[in-house]
Number of protein chains: 2
Amino acid sequence: MHTSQIGRPRGFDAEAALEKAMMVFWAQGYEGASLTDLTEAMGISRKSLYAAYGNKEDLFRKALQRYAEGPGAYVTEALQAPTAREVAMAFLAGSARANTLPGLPAGCLGVQGALAAGETGRVARDVLAEWRAHGQELLRDRFRQAVEAGDLPAGADPEKIARYVMTIANGVAVQAAGGATCEDLQQVADAALQNWPPA
Amino acid sequence: MHTSQIGRPRGFDAEAALEKAMMVFWAQGYEGASLTDLTEAMGISRKSLYAAYGNKEDLFRKALQRYAEGPGAYVTEALQAPTAREVAMAFLAGSARANTLPGLPAGCLGVQGALAAGETGRVARDVLAEWRAHGQELLRDRFRQAVEAGDLPAGADPEKIARYVMTIANGVAVQAAGGATCEDLQQVADAALQNWPPA
DNA sequence: CGCATTCAACACCGATCGGTGAAGAAATTT
DNA sequence: AAATTTCTTCACCGATCGGTGTTGAATGCG
């Protein structure tokens, strides 16, 4: 990668095109998104796509990264809340909101992008599973820290609490894909955190 | 359809073959399961498949029905528990178990079969969404009945409670697809039902 | 200018997709 | 046994899959 550009610069906004690709993967899943679907949505040719992003798997990885920094940014934001309970509340509220954003696909790219897949989608499926596991580890580490700070009872199990909260978020994603509203899902989030920490 | 058979009878067990097809759809999703994958697992030819089950969509519908009567039978069983709380407990315990059955694909066919899909998988996706919605309606009706029987408080919202319980089950399915164990998920179920009914 | 690089567009690649047509064997009827 | 029907096997269909090679114009650099 050179700092000084040589040759004709690309004639499209790489970030904007990636955003379009993200939405196609989000709505149709990795295997359900064909190169034709992608290039038409991104407004570029196949050649430009491969030159700018690599192959389909690479594009999917970059789209997921973009998702994490965009609609999925509520995760890192929630982790910075002052107390463990506020972390959980912000995480689930953000989940309810991000999974039902108007004008964007319903649900979560990290869940419906490739939960089950054939041979061609196996890499994408594993990438997403690892991504979800990573998010759960971030929650667990945050709850560990809360135990040490006395914010959670000494006997609390951070891994178990993280799994509990993440399971709700996963369920919220499936519900959103089925048409549940943000209010519906916020009610679920409230109910799930009614007793805290979960036994 | 005639009662008396005419001509050569089929040379394979249609129920056993359907079970195999169910497992392929379960593990690979609708779009990820090719006809070659299906026929190889079922041990029959393409021609036999089309003669016996129709097309791929029809086969998927029959596989889902088979799933509901087999690994998914815990749903109807749970609905028969004597109290609303026992219904919810049996439903989530069954979910934890059915999503982690040894020797079978992890997760739930109704969730990972086609959460997001391209054009070719749109029908399958809608079939599954309707299937999940139907299960949620069964829960809602059971909880309505519990309110009338005084088993749930008069102010309880059956629809909200059903959505809460189903959201946990959906999350359990995603967690199972990511490798969570039955014990992990049973802990989540216990925590989710710690306060009942959910506020 | 001239070199280098990327642009857009399009045909094309082998492979695979879901789905069928043809042909002969096999089993049940009368 | 003859007739009928469905079986199985295999090749094949057009379409689409992800990915590439080519071409000629456009735009940056030195």
Side-chain angles (χ1 to χ4, degrees), chain A residues 1-18 20-21 24-25 28-63 113-114 117-125 127, chain B residues 1-18 20-21 24-25 28-63 113-114 117-125 127:
Chain A
M1 192 68 70
H2 304 76
T3 52
S4 62
Q5 287 194 10
I6 303 180
R8 174 178 174 177
R10 66 163 55 98
F12 61 93
D13 184 338
E15 286 300 310
L18 183 56
K20 296 288 190 179
V24 175
F25 282 131
Q28 305 186 201
Y30 178 80
E31 286 182 323
S34 70
L35 282 189
T36 303
D37 293 331
L38 291 164
T39 53
E40 282 182 358
M42 301 167 80
I44 65 176
S45 69
R46 277 163 127 83
K47 267 303 200 191
S48 302
L49 189 154
Y50 277 83
Y53 308 96
N55 61 12
K56 191 185 178 187
E57 281 181 9
D58 293 332
L59 176 63
F60 183 74
R61 268 185 265 258
K62 293 187 169 84
E119 196 64 42
T120 65
R122 210 141 281 175
V123 171
R125 184 198 59 184
V127 164
Chain B
M1 194 66 70
H2 303 75
T3 53
S4 61
Q5 287 194 9
I6 304 178
R8 174 178 174 176
R10 69 163 55 97
F12 61 94
D13 184 338
E15 285 299 311
L18 182 56
K20 296 288 189 178
V24 174
F25 282 130
Q28 305 186 199
Y30 179 80
E31 286 181 322
S34 71
L35 282 189
T36 302
D37 292 332
L38 290 164
T39 53
E40 283 182 357
M42 300 167 81
I44 65 176
S45 69
R46 278 163 127 82
K47 262 306 197 188
S48 301
L49 187 154
Y50 277 82
Y53 307 97
N55 61 12
K56 192 185 177 187
E57 282 181 8
D58 293 331
L59 177 62
F60 184 73
R61 267 185 265 258
K62 294 187 168 84
E119 195 63 41
T120 65
R122 209 142 282 175
V123 172
R125 185 199 58 182
V127 165

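Per chain, numbering begins at 1; letters A, B, ... match sequence-line order.
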**Q.** Between P of D:dG18 and CZ of A:Arg122, the distance in whole Å
**A.** 17 Å
Q | For A:Glu40, all residues meeting side-chain contact (heavy atoms from CB on, under 4.5 Å), sequence neighbours excluded | A | A:Thr36
**Q.** Length of the line joining A:Phe60:CZ and D:dG18:P, which is rounded to integer Å
**A.** 14 Å
Q: Go through the structure and list residues passing side chain to side chain donor-acceptor pair (under 3.5 Å) with A:Ser34, not counting sequence neighbours.
A: A:Asp37
Q) Is it true that a side-chain atom of A:Glu57 and a backbone atom of A:Val123 form a donor plus acceptor pair closer than 3.5 Å? A) no
Q: Round to the nearest Å and state the distance from B:Arg8 atom CZ to C:dA26 atom C1'.
A: 4 Å
Q | For the student: nearest non-hydrogen atoms of B:Ala33 and B:Val24, plus distance | A | CB-CG1, 3.7 Å
**Q.** Test side-chain contact (heavy atoms from CB on, under 4.5 Å) applied to B:Phe12 - qualifying residues, sequence neighbours left out
**A.** B:Arg10, B:Ala14, B:Ala17, B:Ile44, B:Ser48, B:Ala52, B:Tyr53
Q. Got a sec, which residues hit salt bridge (charged side-chain N to carboxylate O under 4.0 Å, His left out) with A:Arg46, two or more places apart in sequence or on another chain?
A. none
Q. Between C:dT6 atom C1' and A:Tyr53 atom OH, what is the distance in whole Å?
A. 14 Å
Q: Using whole Å, report how far CG of B:Asn55 lies from P of C:dT20.
A: 8 Å
Q. Rounded to whole angstrom units, what separation is found between the CZ atom of A:Phe12 and the P atom of C:dA8?
A. 7 Å
Q.
If I take atom CG in residue A:Leu49 and atom P in nucleotide D:dG19, what distance separates them, rounded to the nearest angstrom?
A. 9 Å
Output one line per pair: protein atom, nucleotide atom from nucleotides 20-23 of chain D, and distance, for all N/O pairs under 3.5 Å.
residue: D:dG21; atom: N7; partner: A:Lys47; partner atom: NZ; Å: 3.1

Q.
Counting only heavy atoms from other residues, nucleotides and ligands, does the tally under 6.0 Å from NZ of B:Lys62 exceed 12?
A. yes
Q.
Nearest to the side chain of A:Ala51, heavy atoms from C-beta on, is which of C:dC7, D:dC7, C:dA8?
A. C:dC7
(Q) With the threshold set at under 4.0 Å for non-hydrogen atoms, list the residues of residues 29-42 of chain A touching DNA chain C in residue-number order. (A) none
Q.
Measuring to OP1 and OP2 of D:dT8, would you say a side-chain N or O of B:Ser48 lies under 4.0 angstrom away?
A. yes
Q | Length of the line joining B:Lys56:NZ and C:dT20:P, which is rounded to integer Å | A | 14 Å
**Q.** Heavy-atom pair of closest approach, residues B:Phe25 and B:Leu59
**A.** CE1-CG, 3.9 Å
Q) What residues form a side chain to side chain donor-acceptor pair (under 3.5 Å) with B:Glu119, not counting sequence neighbours? A) B:Arg122
